[in-house]
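Numbers for residues simply follow the sequence, beginning at 1. For ligands, and for the atoms within them, numbers begin at 1 and follow the listed sequence.
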Amino acid sequence: MKVIFLGSPGAGKGTQAAVLRERYGLAHISTGDILRENVRNGTTLGKTAREYMDSGRLVPDEVIIAMMEERLQKPDCQKGFILDGFPRTVPQAEALDALLDRMGISLDGVILFEVPGDLVLDRLTGRRVCGKCGEIYNVHFKKTKVPGVCDLCGGELVQRDDDREEIVIKRLEVYEEQTAPLIRYYEDKGQLVRVDAGQEGELVVAAIERAVGQ
Ligand code: AP5
């Protein structure tokens, strides 16, 4: 399975990617996760990315493209991969097309996560993430047994800096302006498959599996 997950912030891309990664042994490549790890580790990339991420803007294309060219060539991608949060602009999509061509890889599909806007706001402001293992929870939709403590590893739950309401609103605007044009881009290439991501998680996963013929 070699797929792109496309959809607004909070559409459920990371949540469903985690399920499919476990089920099929895929590489789950989340540009957001890679950038956050670099911010935590204080790398040069992290220092550049932080100011963009904290204000809800996109990190410059050239930075992301260089990062992904390196990541996609790692051996764990050979069994299949989910690109979560990349590409996010038309120049990123064009660079990805060129890279996949050079590598002789064709995509199985681009999954568009469709979800109503009001649901997205509740999902994002209610999201909590385990600071230790990265498991994703939600104070409205996926509660832990003990408040604030990860069910899987006992780690402490944290709220992402960019999940504050004012930043969420900016991220949704940026999505409409810079990422939504990719819907047309992949529709024109005959690669887009729409999935109702407003339904319960397992149903979303099943719809994705049907879409890519699993
Ligand atoms: P990134 O980390 O990619 O954030 P995002 O795209 O905004 O996506 P999210 O992680 O917010 O949403 P998601 O769809 O994964 O939702 P989730 O599954 O967690 O990017 C962060 C920043 O990094 C960007 O703003 C930018 O600055 C930078 N960046 C990243 N990639 C870049 C790129 N390519 N170019 C430039 N800059 C880049 O779910 C959300 C919540 O909903 C969770 O609490 C979950 O439990 C709940 N939920 C999920 N599914 C369901 C369901 N079916 N039912 C009920 N609840 C659900």
[X] neighbourhood, listing ligand 1 atoms whose heavy-atom distance to it stays under 4.0 Å:
| X | result |
| --- | --- |
| T15 | 17 (P), 18 (O), 39 (O), 45 (C), 49 (C) |
| R171 | 4 (O), 5 (P), 7 (O), 9 (P), 11 (O) |
| F141 | 55 (C), 56 (N) |
| G14 | 13 (P), 15 (O), 18 (O) |
| R57 | 26 (C), 27 (O) |
| L124 | 11 (O) |
| G85 | 31 (N), 32 (C), 33 (C), 34 (N) |
| R36 | 2 (O), 21 (C) |

Geometric N/O contact [X] with ligand 1, under 3.5 angstrom:
| X | result |
| --- | --- |
| G10 | yes |
| G12 | yes |
| D162 | no |
| A11 | yes |
| Y137 | yes |
| F86 | no |

From the candidates [options], the one that places a heavy atom nearest [atom]:
| atom | options | answer |
| --- | --- | --- |
| atom 35 (N) of ligand 1 | Q92, K142, E200, R127 | Q92 |
| atom 1 (P) of ligand 1 | K13, M53, R160, Q16 | R160 |
| atom 52 (C) of ligand 1 | H140, M68, R123, E202 | R123 |
| atom 37 (N) of ligand 1 | V59, D33, V139 | V59 |

**Study point:** Over 12 non-hydrogen atoms of neighbours within 6.0 angstrom of CD in E51
**Key:** yes
Practice item. Answer with yes or no whether G201 contacts ligand 1, where contact means a heavy atom under 4.0 Å from a ligand atom. Key: yes
Exercise for review: Flag the pair E202 and R23 as a salt bridge only when some basic side-chain nitrogen lies within less than 4.0 angstrom of an acidic carboxylate oxygen.
Suggested key: yes
Exercise for review: Specify the protein heavy atom at minimum distance from atom 6 (O) of ligand 1: its residue, its atom name, and the distance to 0.1 Å.
Suggested key: R88 NH2, 2.8 Å
Review point. In terms of residue, atom name and distance, what is the protein heavy atom nearest to atom 28 (C) of ligand 1?
Key: L35 CD1, 3.6 Å
Review point. Any side-chain donor paired with an acceptor under 3.5 Å for T43 and N38?
Key: yes
Exercise for review: Apply side chain to side chain contact (heavy atoms under 4.5 Å, CB included) to the pair D84 and I4, showing each step before the final yes or no.
Suggested key: CA-CA 6 Å; D84 165 8; I4 293 174; over 6 Å; no
Practice item. Sequence neighbours left out, what passes ring pair (Phe, Tyr, Trp, His ring centres under 6.0 Å) with F81? Give chain and number order. Key: none
Practice item. Tell me which part of R128 gets within contact of ligand 1: side chain, backbone, both or neither, using heavy atoms under 4.0 Å. Key: neither
Check your understanding: Between L58 and ligand 1, which residue portion shows a heavy-atom distance shorter than 4.0 Å: side chain, backbone, both, or neither?
Key -> both
Point to revise | K13 to F5, cation-pi by 6.0 Å centre distance and 45° axis angle | key: no
